[in-house]
Amino acid sequence: MTAKANKNDGILCVPIMDDMTIYNAQSLKETLLGYCHAGTQELQLDLSAVAEIDSAGLQLLLLLKAEAQKRGFTLRLLRHSEAVIEIFELLKLGMYFGDPVVIPANWKKS
Amino acid sequence: MSDINPALETFSQEVDELLAAMEEALLGLEGTPDDADCINSIFRAMHTIKGSSGLFGFDDVVAFTHEAETVLDRVRNGERAIDAEQVSVLLACKDHTAQIIQHFLFNEDEPLPESLHLQSQALIAQLTGQSAAAGGMPSTQEVKADHFEVDDNTTDSSDNWVISLAFKQNALRNGMDPLSFIRYLQTLGKINEVIITMPTLPRIEDMDPEDCYLNFKIAFSSSADKKTIEDVFEFAEDDCDITILPPNSRQEHYLQLLADLPEDQVKRLGEMLIEIGALTEKEVAHTLNEQCAEDNAGAKPLGEMLVDKNILQQPVIEQALKKQESVKQKINKESNYIRVDAAKLGYLINLVGELVISGAAMRLMVDKHGLSDVDDVASTMSHLVEDIRDTALQLRMVQIGETFTRFQRVVHDVSKELGKQIQLQITGGESELDKTVVEKINDPLTHLVRNSLDHGIETPAERIRAGKPEKGTIQLNAYHDSGRIVIQISDDGKGLDPEKIVAKAVAKGLVKQDQVLSKSEIYHLIFEPGLSTKEEASNLSGRGVGMDVVKRNIEALRGSVSVDSELGQGTTVTIHLPLTLAIIDGFMVEAQKERYIIPLSMVEECVEMNSDEWQIDDSQHYVNLRGQVLPYLRLGDFFHKNKKHTHRQRESLVVVRFGEAKAGFVVDELHGENQTVIKPLGKLFENLNGIGGATVLGSGDVALILDVQGLIQHAKKQVNPTLALSSSV
């Protein structure tokens with residue numbers, strides 16, 4: 001299990017505890033898919049522990065965003081890790097996901 | 001006026017060339033009436049002549065060509081069609097232009113005679129009168145819309161490269177990470193915008209997270225060139241469709257580069273675009289592959305495909321095509337301007353001949369003294385000498401096509417005169433041969449073509465009765481065969497009647513009544529002086545003078561001529577000619593201590609003269625060469641009749657071929673290849689049997705060049721003397 005859900009009034013808060021890479025994309029997808037059911041109003045993903053993210057992971061995030069729009073629930077990304085921020089910067093994805101990105105004080109711009 | 005000033009001389013030369021080009025184009029139009037190149041060339045001729053004539057104040061020429069030009073301009077713009085009738089009128093105009101210009105060149109101050117004036121008017125009336133009628137006709141050429149739908153991205157005013165990446169399904173599994181490429185791309189410039197699409201994304205339940213669904217469109221600003229950007233994605237190319245569209249500012253840059261490209265040679269479109277960096281080699285190779293794959297379904301031109309695929313913008317392609325065209329024209333123009341005095345070329349070739357001989361002498365010295373360190377240098381030099389020889393001879397080579405196309409006019413005119421419908425088909429016009437040979441072959445060819453026109457092809461009525469198409473065909477064909485050029489003139493006319501020929505020959509006393517002749521021998525009789533199969537002589541041919549002259553002319557060029565015919569089906573005349581008269585690759589042999597050269601191209605093989613193996617028949621002089629009856633000739637015996645060979649030493653058999661005929665020469669020794677500079681024999685020895693010339697060897701000795709054709713005939717005669725005709729030496 002890479003993520004553990006906290007359930008509260010239809011709002012799910014899921015910390016992603018693992019890298020979002022091709023190596024665990026399969027299990028990650030199963031987990032995330034598990035949250036996409038009728039009762040979900042808002043899905044919050046805590047990305048603070050994502051030390052590494054690649055195209056497969058990004059693809060899953062995009063997929064989830066599209067799915068949320070389709071099913072009418074909100075997807076919120078929280079506490080982006082450096083790796084995630086770097087990718088969002090690279091691909092100008094901040095606007096697309098629309099979540100506030102907090103840049104930590106010790107952020108080292110590469 | 002006897003002396004023309006130099007400017008006028010240039011003018012007259014230019015006019016000659018233009019009119020010749022015009023005639024060729026006009027005759028070309030008969031076949032393909034819409035050919036834009038032909039129409040342009042006709043227009044250009046009239047236009048240029050008008051302009052130059054104006055300079056010299058030849059007002060009548062200007063007035064006349066102006067009318068023709070106006071009509072042609074309308075044809076060029078597709079406002080009127082051109083038909084056979086028009087072509088005839090335009091041909092007449094061409095002749096008329098030549099006439100009036102001639103008049104002014106030689107009688108500068110006199111006004112145009114009344115007759116020419118009237119002719120001008122008549123021709124103008126013919127030209128324009130029809131043009132009035134044809135003016136309302138719908139144009140035959142559709143105006144093709146050259147407007148292309150341009151991708152939105154390219155019309156974007158921002159100055160970005162647009163890079164589209166469509167990753168394939170297995171990209172991730174193959175270890176690709178699209179993000180890493182984009183990350184690397186950042187090092188080359190600034191990524192301004194990224195659009196991510198996932199067009200093939202299935203329902204979330206069916207989505208395989210290890211598949212790749214990502215497509216990127218990246219707006220990228222960078223000063224790097226296309227190749228560098230493409231290299232970023234080098235490792236991904238198997239798993240990704242990549243298109244890189246240059247920014248608009250680049251486009252101007254490309255246009256500039258295109259304009260600056262040197263105009264020294266015609267390049268292919270792809271090559272030009274790679275050179276300026278608008279395309280990369282991979283893109284070209286890829287697009288060409290696709291083009292090949294689509295070939296059956298009518299593939300589009302490369303340029304169109306590139307625009308469709310969003311690899312390049314339309315204006316760049318257009319500019320490149322324009323550039324290509326202008327370079328082509330420029331080169332065509334330039335190639336017309338190299339004029340060298342033929343005497344200078346002759347001198348050069350003589351010198352090269354001497355160079356070849358002294359090269360051989362040096363070679364000999366090197367071998368004699370065993371100078372191994374000089375050996376390398378010497379062989380490099382002999383390679384170079386060989387190249388120089390080939391290039392020097394190449395200088396005198398011209399394509400036979402030009403000679404052939406001249407007959408278009410002859411056929412066109414004569415068929416009208418005779419009331420026959422005849423078309424001329426030319427093939428192999430690109431075969432090359434020595435200029436001197438071309439010049440000398442022109443008369444015999446004209447004679448043969450006229451023969452076919454007059455005797456060969458029947459009138460339309462006769463042809464329909466014989467069940468043949470109304471339109472007769474004369475074919476001129478040329479090809480290279482074992483170091484010689486073969487020219488064929490064939491028609492699909494009534495053919496030669498062997499009985500008639502024999503009857504005539506008997507009447508002339510050329511053959512005896514009861515003499516049995518083979519078919520080819522009978523046909524050969526038409527080369528006898530005074531023999532014509534035509535009952536009546538026309539103003540074209542039929543007087544029985546000619547074929548013998550044709551034969552003599554061709555044999556003077558060391559060539560041969562033969563006829564084949566099928567009664568009612570047509571006649572084919574085949575001429576064999578040597579490519580050059582100066583230097584050949586020879587094969588040196590030795591018999592009775594004398595050296596001989598056989599033209600290498602005629603040597604088929606060399607075998608040991610072994611009586612057990614070849615069943616040599618000594619009395620009839622033939623051997624059984626792998627089941628083939630091969631007449632042979634002992635060179636030693638042939639040239640030294642009184643010195644019969646007595647000692648039985650090892651001998652070799654050189655099998656030579658001339659056209660269809662084969663024979664073997666028995667020699668004592670083989671010396672191998674030799675560059676042979678042909679030196680003509682003096683007057684005294686001109687008629688020697690079996691010898692075509694002589695050459696000087698490196699050692700200073702003289703070797704005789706064998707006349708293979710004559711020797712083969714001689715060898716055949718030995719086998720069966722009854723077959724030999726007195727005439728066929």
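In what follows, chains are A, B, ... by sequence order, proteins preceding strands, each numbered from 1.
- Interface residue A/I87: only side-chain heavy atoms are found under 4.5 Å from chain B.
- Taking CG of A/L91 as the start and CD1 of B/I182 as the end, the distance is 5.0 Å to the nearest 0.5 Å.
- Scanning all heavy atoms of the two residues, the minimum distance from B/P209 to A/Q59 falls at O-NE2, 3.9 Å.
- Contacts between A/E67 and chain B at a heavy-atom distance below 4.5 Å involve the side chain alone, from C-beta outward.
- If you run side-chain contact (heavy atoms from CB on, under 4.5 Å) between B/D177 and each of A/T21, A/D54, A/L58, only A/D54 comes through.
- In this structure, the separation between CG on B/D211 and CD1 on A/I22 is 8.5 Å, given to the nearest 0.5 Å.
- We find the NZ-CD distance between A/K29 and B/E210 to be 11.0 Å, quoted to the nearest 0.5 Å.
- Across every non-hydrogen atom of A/L60 and B/M207, the tightest pair is CD2-CE, 3.9 Å.
- More than 12 heavy atoms of other residues, nucleotides or ligands lie within 6.0 Å of CZ in A/F97, so this atom counts as buried by the packing criterion.
- Residue B/I196 touches chain A through its side chain alone, counting heavy-atom pairs closer than 4.5 Å.
- Only the side chain of A/L33 comes within contact range of chain B, with heavy atoms under 4.5 Å apart.
- Open room surrounds NZ on B/K322; 12 or fewer heavy atoms of other groups in view lie less than 6.0 Å from it.
- At a 4.5 Å heavy-atom cutoff, the contact between B/F216 and chain A is made by side-chain atoms alone.
- With rounding to the nearest 0.5 angstrom, the CG atom of A/L62 is 13.0 Å from the OH atom of B/Y213.
- Residues A/S55 and B/L179 share a closest heavy-atom pair of OG-N, 3.2 Å.
- Contact detail for A/K92 and B/V194: the closest heavy-atom pair is CG-N, 4.3 Å.
- Rounded to the nearest 0.5 angstrom, A/L90 CG and B/R183 CZ are separated by 6.5 Å.
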